[in-house]
Participant: 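Structure below; questions to follow.
All figures in this text were calculated on a predicted structure; none of them were measured in a lab.
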Amino acid sequence: MKLTLYTSAFCAPCMQARTVLAEVPALVPGAVVEERDVAFRSAEAEADGIRSTPTVIITSDDGTEVFRATGAPTLNQVLVAAAKAL
């Protein structure tokens, strides 16, 4: 399972989302978190339909998107979505 966090500089909610996602690998074995700054990875952000930051996308191992949240999700939301990806 992969958790992709799209961020931008000086984004206060991005810091909160980053903090939440940092907890996930310790709680969900095999979870991989990748952060992408939209300024540096604009092509990927556009391909994923990113309109605002932070945006979190969780995909299953086969690449299927199972969760998308704009804004900072709670740890509970992320864990429920992670369960769907497993």
Participant: Decide yes or no on side-chain contact (heavy atoms from CB on, under 4.5 Å) for Thr4 and Val33, but give the supporting numbers first.
Facilitator: CA-CA 6 Å; Thr4 304; Val33 177; over 6 Å; no
Participant: When clusters are formed by joining ILVMFWY residues with side-chain heavy atoms under 4.5 Å apart, either directly or through shared neighbours, do Val78 and Leu27 land in the same one?
Facilitator: yes
Participant: Keeping the roles fixed (side chain from Asp37, backbone from Ser8), state whether a donor-acceptor pair exists under 3.5 Å.
Facilitator: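 Side chain of Asp37 to backbone of Ser8: no pair is present.
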Participant: Is there a side-chain contact between Leu5 and Pro54 in this structure, where contact means two heavy atoms from C-beta onward sitting under 4.5 Å apart?
Facilitator: yes
Participant: How about Glu65: does its CD atom have over 12 heavy atoms from other parts shown lying under 6.0 Å from it?
Facilitator: yes
Participant: Could you tell me which non-hydrogen atom of Ile58 sits nearest to which non-hydrogen atom of Ala81, and how far apart they are?
Facilitator: CD1-CB, 3.7 Å
Participant: Is a donor on one side and an acceptor on the other found under 3.5 Å between the side chain of Gln77 and the backbone of Thr74?
Facilitator: yes
Participant: Under the side-chain contact (heavy atoms from CB on, under 4.5 Å) rule, what do Leu3 and Val32 come out as? Steps first, then yes or no, please.
Facilitator: CA-CA 6 Å; Leu3 297 90; Val32 175; over 6 Å; no
Participant: Heavy atoms only: give me the nearest Ala22-Pro25 pair and the separation to one decimal.
Facilitator: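 Looks like O-CD, 3.6 Å.
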Participant: If the test is salt bridge (charged side-chain N to carboxylate O under 4.0 Å, His left out), which one of Arg36, Arg68, Lys2 qualifies with Asp48?
Facilitator: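 Filter result, single survivor: Arg36.
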Participant: Following the transitive rule for hydrophobic clusters with a side-chain heavy-atom cut-off under 4.5 Å over Ile, Leu, Val, Met, Phe, Trp and Tyr, establish whether Val80 and Val56 coincide in one cluster.
Facilitator: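 Different clusters.
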Participant: Going by distance alone, is a donor N or O of one side chain under 3.5 Å from an acceptor N or O of the other, for Ser60 and Asp62?
Facilitator: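 Distance-only check passes for Ser60 and Asp62.
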Participant: Is Glu34 salt-bridged to Arg41, going by a charged N under 4.0 Å from an acidic O?
Facilitator: yes
Participant: If you group Ile, Leu, Val, Met, Phe, Trp and Tyr by side-chain heavy-atom gaps below 4.5 Å, do Met15 and Val20 land in one group?
Facilitator: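 No, Met15 does not connect to Val20 through the hydrophobic network.
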Participant: Could you give the distance from CG (Leu86) to CG (Asp61), rounded to the nearest 0.5 Å?
Facilitator: 7.5 Å
Participant: Which ILVMFWY residues can you reach from Val38 by hopping between side chains whose heavy atoms are under 4.5 Å apart?
Facilitator: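 Direct or chained contacts put Val38 with Tyr6, Ile50, Ile57.
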Participant: Any salt bridge (Lys or Arg N to Asp or Glu O under 4.0 Å) pairs touching residues 75-86, not counting sequence neighbours?
Facilitator: none
Participant: Using only atom types and a distance under 3.5 Å, with no angle test, would you say the side chain of Thr55 pairs donor to acceptor with the backbone of Ser52?
Facilitator: yes
Participant: Could you tell me which non-hydrogen atom of Pro73 sits nearest to which non-hydrogen atom of Ala17, and how far apart they are?
Facilitator: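 Heavy-atom minimum between the residues: CD-CB, 4.2 Å.
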Participant: In Å, rounded to the nearest 0.5 Å, how long is the span from CG of Leu79 to CZ of Phe67?
Facilitator: 10.0 Å
